[in-house]
Structure formats: C-alpha cells, structure tokens
Amino acid sequence: MRLDSPQINLIIKACMKASRALIRDFGEIEKLQVSTKGPGDFVTSADRRTEKILIEELQKAHPDYGIISEEAGLINKSNINNRWIVDPIDGTMNFMNGIPQFAISVGYEEENEIKCGVIFNPIMNEMFCAEKGNGAFLNNSRIRVSNKKKIKDSLIVTGGPKSMSKIKGKIFSEYINVSKNVSNVRKFGSAALDMAYVACGRFDGYWQRELNYWDIAAGIIILKEAGGFVDFFEQDDSSPLKRNILATNSNIHNELKELIK
Ligand code: 2AM
Ligand code: CA
C-alpha cells in the first residue's frame, strides 16, 4: 500500500488494536440476545472500551491533538488544527443484533480538511483507507467508484430516519421519490460502511440526513480519493457537527440531488 503518512499509520495501528477486543465482544452478542437482560449494557461497554483503546493509541503519539469522538465528546478543544474524528462502532444497532455490518471509523483533519481516514469492519476483515493525494484502498487493493452513468440503473444506499427524528415524513417521501427513479435502494445501517461501499463501487450513491460528523469523516476522504463526489445539503450553520450528506460516484450526483430536493 502506498499510504505512508504518520497519521494514517497511527490510525491503522489503533484500529487493529481496538478491533481485537471488539471481535471478542461481537462473539458474545449471540449468547446475550437470548438472555433476559439483552445486550444493551454490554454494547455500551464494548463501545466505550473500543473508544478508550483508540484514543489511548492516538494520544500516545500526539497528546496535543484535538479529538472529536462519539462517546467521549471533545478532547483538547482548543486544537482545531489537528484533530482525530472517532466513531468506535458505527452501525451500533447491527452490532447489537449480531449483524456483522459495523465498523470502526477514524479520520484525521488538519485545518478543517480531512487528510486521511480508515473504516474497518473487523468481522469481514475489510479495511478501507485513504490519504489525500495517494488514493483509496480496500485492504491492499486500490479502489474506485463505479462507472454507472444513469440514475435509473443505479443502486443507492441510505439510512435514517433516526428513531427520534422530527422529520420522518420528509425522509420517507424522499425515500419514495428516490426509489421510484433508481434501480433499487438499500438500507444497511452503517453510514461509514455505506460511504466505503460507494467508494469501492458496490453502491453508486448514498444520501442521508441528520448524521454526525464522526459517522462520515473517514468516509469523506475515502470516497473522494476513490473518485467520488461528496456534498452537503441544507446545512444548519448553528450545528456544525450535524450533516445531511450526498455522496456518489460523481456521474449520477446531480440527478440524485434533484431527487432529494
Ligand atoms: P451509530 O451506529 O454510530 O449510531 C444508521 O443509519 C447510521 O446513522 C449509523 O451510521 C448510525 O451511527 C447513525 N446514527 C447516528 N445517530 C443515530 C441515531 N440516533 N439513531 C440511529 N442511527 C444513528
Ligand atoms: Ca456512528
């Protein structure tokens, strides 16, 4: 692989380390699902432990870097020039239900631009990574977005609405409109992997409202480096960490955008 910045190497190392416990935890889920207690608390502690390992590893090399992480929140808030963006388990509900569609997602941002990132599904052993200017990879192979040109032939992925969403109706109408105009729509439950799958051509496009920055930070650079196009819509400037995202193979971007207007 030709990714060689110290930051990407650090992220890869942290992900590998954190994944060992996460794989073991996932193996326990099946037993917990049939127990009366259910897996809720167990998943929360798996999430926290994964985050702790990631943060410890990342901080070893750069104790001064800022961190935005799903559970821990903001660390070293004043350093906005160098930040790690961490989601220890993206696809928590899949994880909780014993479905191996979840990932560790870590991005590195320098002066408000994502420079590199890793999305790692430890159960499928699929590691997506990218670094600005040096391409995107799945394990050791270079990846590229699909070459699909027409929206009507495209396979699109989406997520949401969240259970607490106040705009469920709007999101469902969008879903209907998109599904009428594309080949098919999928809903897989991990924003990070949805983006990684667009990056390697499995899906042609992805859209979702009400995401958090940590769900998509690593996906942004992976998709861009794979030749895709990432765009945000109806951004609420008062919530900079909340995003509505549209991410495609570039070719179908404008057409998909029209469908979600
Ligand atoms: P999570 O698994 O880390 O919670 C599912 O459509 C995607 O939306 C996942 O990436 C999920 O991330 C994200 N998401 C963020 N907040 C959510 C919420 N409150 N409910 C469901 N999914 C949420
Ligand atoms: Ca997430």
Side-chain angles (χ1 to χ4, degrees), residues 11 15 18-19 22 25-26 29 39-55 67-74 83-107 109 114 117-124 126 128 156-168 170-172 174-175 178-179 185-199 202-203 205-223 230 232-233 236 239-247 260:
I11 299 177
C15 286
S19 70
L22 194 56
D25 289 340
F26 186 67
I29 291 282
D41 293 345
F42 179 81
V43 172
T44 308
S45 63
D47 209 7
R48 297 239 163 91
R49 182 171 52 201
T50 309
E51 182 180 63
K52 185 165 174 278
I53 300 171
L54 290 169
I55 291 178
I67 299 180
I68 304 176
S69 187
E70 179 161 21
E71 303 291 330
L74 295 174
R83 298 202 285 197
W84 307 110
I85 324 288
V86 178
D87 192 348
I89 307 179
D90 185 65
T92 320
M93 191 160 280
N94 286 339
F95 181 89
M96 190 182 289
N97 285 277
I99 301 168
Q101 183 71 6
F102 62 88
I104 299 172
S105 172
V106 182
E109 191 197 65
I114 301 281
V118 172
I119 296 172
F120 182 36
N121 177 340
I123 308 303
M124 312 284 244
E126 287 194 324
F128 299 86
I156 305 296
V157 64
T158 189
K162 294 175 179 179
S163 50
M164 306 297 282
S165 176
K166 294 196 177 81
I167 52 163
K168 277 188 177 168
K170 184 174 179 168
I171 292 173
F172 288 136
E174 244 168 38
Y175 185 95
V178 173
S179 66
V185 183
R186 295 282 181 270
K187 193 172 162 192
F188 269 29
S190 159
L193 287 174
D194 292 345
M195 291 186 76
Y197 283 18
V198 177
R202 293 175 186 171
F203 295 127
Y206 165 64
W207 95 98
Q208 186 166 340
R209 287 178 184 265
E210 305 185 302
L211 286 168
N212 292 298
Y213 189 38
W214 50 79
D215 301 319
I216 52 173
I220 292 172
I221 186 70
I222 293 170
L223 190 71
V230 182
F232 303 100
F233 59 99
D236 173 4
S239 318
L241 292 179
K242 292 275 177 205
R243 305 285 168 102
N244 302 318
I245 192 168
L246 176 61
I260 58 176

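Note that ligands are numbered from 1 as they come in the structure, with each ligand's atoms numbered from 1 the same way. The analysis underlying the following values was restricted to heavy atoms, covering all of them including side chains, and did not include hydrogens, waters or symmetry mates. Throughout, numbering of the chain's residues begins at 1 and tracks the sequence.
Using cut-offs of 30° and 60° on the angle between ring planes, the pair F188 and F203 is perpendicular. Classification of the F95-F26 ring pair by plane angle, with boundaries at 30° and 60°, yields tilted.
The salt bridge (charged side-chain N to carboxylate O under 4.0 Å, His left out) test applied to R202 returns E126, not counting sequence neighbours. Legend: residues meeting side chain to side chain donor-acceptor pair (under 3.5 Å) with K187, ordered by chain and number and at least two apart, are absent.
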Where does ligand 1 get N/O contacts under 3.5 Å from the protein, atom by atom?
| residue | atom | partner | partner atom | Å |
| --- | --- | --- | --- | --- |
| ligand 1 | 2 (O) | G91 | N | 2.7 |
| ligand 1 | 2 (O) | T92 | N | 2.8 |
| ligand 1 | 2 (O) | T92 | OG1 | 3.0 |
| ligand 1 | 3 (O) | E70 | OE1 | 3.3 |
| ligand 1 | 3 (O) | I89 | O | 3.3 |
| ligand 1 | 3 (O) | D90 | OD1 | 3.4 |
| ligand 1 | 6 (O) | Q208 | NE2 | 3.2 |
| ligand 1 | 8 (O) | Q208 | NE2 | 3.4 |
| ligand 1 | 10 (O) | D90 | OD1 | 2.6 |
| ligand 1 | 10 (O) | D90 | OD2 | 3.1 |
| ligand 1 | 10 (O) | A191 | N | 2.9 |
| ligand 1 | 12 (O) | D90 | OD1 | 3.1 |

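The shortest side-chain heavy-atom distance between P88 and E70 falls under the 4.5 Å cut-off. Within the 4.5 Å cutoff, the side chain of V178 has heavy atoms near those of the W207 side chain. Between L211 and K242 there is no side-chain heavy-atom pair separated by less than 4.5 Å. Side-chain contact between L193 and F128 is present, with at least one heavy-atom pair separated by less than 4.5 Å.
The side-chain contact (heavy atoms from CB on, under 4.5 Å) test with W214 is passed by exactly one of V106, I68, D90: I68.
Within the sub-3.0 Å shell of the Ca ion (ligand 2), the protein contributes these N/O/S atoms: D87 OD2, D90 OD1, D215 OD1.
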